[in-house]
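All ligand and atom numbering here is 1-based and tracks the order in the structure. As the structure is a prediction and not an experimental result, all values here were calculated from the model.
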Amino acid sequence: MAKRVALITGITGQDGSYMSELLLEKGYSVHGIVRRVALEDPDHHLWRLRNVLKDLVLHSASLESFASLHRVIRSVKPDECYHLAAQSFVSYSFEDEFSTLNANINGTHYVLAVLHDLAPQCRFYFAGSSEMFGRAEEVPQNEKTRFHPRSAYGISKVAGFELTRNYREAYGLHASSGILYNHESPRRGYEFVTRKITSHAVRIKLGLARELPLGNLEAKRDWGHAREYVKAMWLMLQQPVPGDYVVATGENHSVRELAEMAFSYVGLDYSDYVTVDAGLFRPAEVDVLQGDASLARRVLGWKYELSFADLVREMVEEDLRIYRERRSAPAT
Ligand code: GDD
């Protein structure tokens, strides 16, 4: 039987790398869209794909260019498309609302429009976000909770979600959205609070930093492991009918608890090192996010079994490995 063909946008990111590994294990031919600069500087841009790079087919294109997406999709003819690319840092979306909205909304629209024209049988996954709930009117949130986004990022994700739903209803595309809560891993970018905290705890322990400035310590999030969340994305595209699903652990923890736990793994007391920097507060904060993933468990058979402590420990251990290695590397 011919191999199934998958196309991933945002393949160089945390979720793209885990998704590539999952699809390769399942025997797919895996293609990814990357920016040209990533191909020119692979050490810097493709580190998350290092273990699987030789098994992937990468295409240079831009989510800002309909023509480039058209070219890639025409040549790849995917059976499944995982649209993970986005400007995904909420804080940055306050600094540049316009480019966040342009990239995230138009990028999604372009991919949907090209699939509709060239590969209407292709199954499509849209990376929705719990940020769409924003100032949520209930805790926990489920697929019926009203959206109230609190940032340009959240607004762009609501637009992408509605575009996805409309391509499903108007044109019969097998298009699904995951409403994913925060998902982390040792591949997380350093700008996000989990990695910022685990990397600083380790650097302080090793004498490479002295303090950790943070914003709102009382914000609560439902933090899961990215490697488990990409399984839910794949399961959505294996269903006979498309749909929208919350993917979450069902627990929430505060930024303060996260800091306390990460520092205690390296034998430190967070309160001796964490400072509060008013400049790191967001103009509109999302105070509490906690998801109810019952539908994903029931319909997709998705399960999440890791604990928050396991996740934090794995991230701290990876940062210990990285910074110890860097410290002992000979100076060049
Ligand atoms: N990044 C960051 N840096 N966040 C901080 C800091 C800090 O110094 N101090 C406190 N926080 C708080 C933020 O205000 C927020 O309430 C929380 O920590 C989590 O921030 P992030 O890790 O930046 O993630 P996020 O919740 O804004 O968004 C992530 O999760 C979404 C799903 O809910 C991103 O991955 C989004 O792309 C994703 O959609």
Side-chain angles (χ1 to χ4, degrees), residues 10 13-16 18 83-95 100 103-104 107-108 126-136 139-141 145 147-161 177-185 187-201 209 211-226 229-230 232-233 246-260 262 270 273-291 293 308 311-312 315:
Q14 169 187 259
D15 296 3
Y18 283 116
H83 176 43
L84 312 180
Q87 191 302 95
S88 66
F89 189 33
V90 176
S91 273
Y92 180 72
S93 80
F94 287 102
E95 283 166 43
T100 301
N104 292 2
T108 303
F126 172 67
S129 163
S130 52
E131 283 292 305
M132 301 190 301
F133 293 127
R135 189 153 78 191
V139 180
Q141 301 85 39
T145 305
F147 294 146
H148 185 148
R150 301 263 286 165
S151 60
Y153 171 80
I155 293 166
S156 75
K157 287 291 175 179
V158 171
F161 178 90
S177 290
I179 306 176
L180 266 58
Y181 283 63
N182 299 48
H183 43 290
E184 319 293 314
S185 75
R187 299 183 192 173
R188 191 56 147 149
Y190 289 87
E191 66 275 37
F192 297 97
V193 80
T194 48
R195 195 67 190 272
K196 182 172 175 185
I197 290 175
T198 60
S199 63
H200 273 77
E211 60 166 23
L212 166 57
L214 289 174
N216 182 7
L217 295 178
E218 309 316 327
K220 293 191 168 130
R221 289 290 183 277
D222 179 333
W223 279 292
H225 198 304
Y229 283 30
V230 299
M233 301 177 190
V246 160
V247 179
T249 72
E251 270 180 36
N252 76 46
H253 297 272
S254 66
V255 173
R256 185 185 296 280
E257 277 176 81
L258 168 61
E260 192 171 4
Y270 83 101
Y273 304 97
V274 169
T275 56
V276 173
D277 177 345
L280 294 170
F281 280 68
R282 297 175 180 179
E285 175 63 288
V286 169
D287 297 320
V288 186
L289 288 174
Q290 183 181 331
F308 178 62
L311 172 67
V312 178
M315 294 180 69

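- Every residue was checked against the side-chain hydrogen bond (donor to acceptor under 3.5 Å, both in side chains) condition with H200, not counting sequence neighbours, and none meets it.
- No more than 12 heavy atoms of other residues, nucleotides or ligands lie within 6.0 Å of NZ in K220, so this atom counts as exposed by the packing criterion.
- A salt bridge does not link R221 to E257: none of the charged side-chain nitrogens sits closer than 4.0 Å to a carboxylate oxygen.
- Y270 pairs by the ring-ring contact (aromatic ring centres under 6.0 Å, His included) definition with nothing, not counting sequence neighbours.
- The aromatic rings of F161 and F147 stand perpendicular to each other, their planes meeting at an angle above 60°, with 30° marking the opposite boundary.
- When the ring-ring contact (aromatic ring centres under 6.0 Å, His included) test is applied to F89, the partners found at least two apart in sequence or on another chain are F192.
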Where does ligand 1 get N/O contacts under 3.5 Å from the protein, atom by atom?
residue, atom, partner, partner atom, Å
ligand 1, 1 (N), E191, O, 2.9
ligand 1, 8 (O), K196, NZ, 2.8
ligand 1, 9 (N), G215, N, 2.8
ligand 1, 14 (O), E285, OE2, 2.6
ligand 1, 16 (O), R221, NH2, 3.0
ligand 1, 16 (O), E285, OE1, 3.1
ligand 1, 16 (O), E285, OE2, 3.0
ligand 1, 20 (O), R282, NH2, 3.4
ligand 1, 22 (O), V193, N, 2.8
ligand 1, 23 (O), R282, NH2, 2.9
ligand 1, 26 (O), N182, ND2, 2.8
ligand 1, 26 (O), R221, NE, 2.9
ligand 1, 27 (O), R282, NH1, 2.6
ligand 1, 27 (O), R282, NH2, 3.4
ligand 1, 30 (O), N182, OD1, 3.4
ligand 1, 30 (O), N182, ND2, 3.2
ligand 1, 33 (O), S130, OG, 2.4
ligand 1, 33 (O), N182, OD1, 2.7
ligand 1, 35 (O), R188, NH1, 3.4
ligand 1, 35 (O), R188, NH2, 2.8
ligand 1, 37 (O), S88, O, 2.6
ligand 1, 37 (O), Y153, OH, 3.0
ligand 1, 39 (O), S129, OG, 2.6
ligand 1, 39 (O), Y153, OH, 2.5

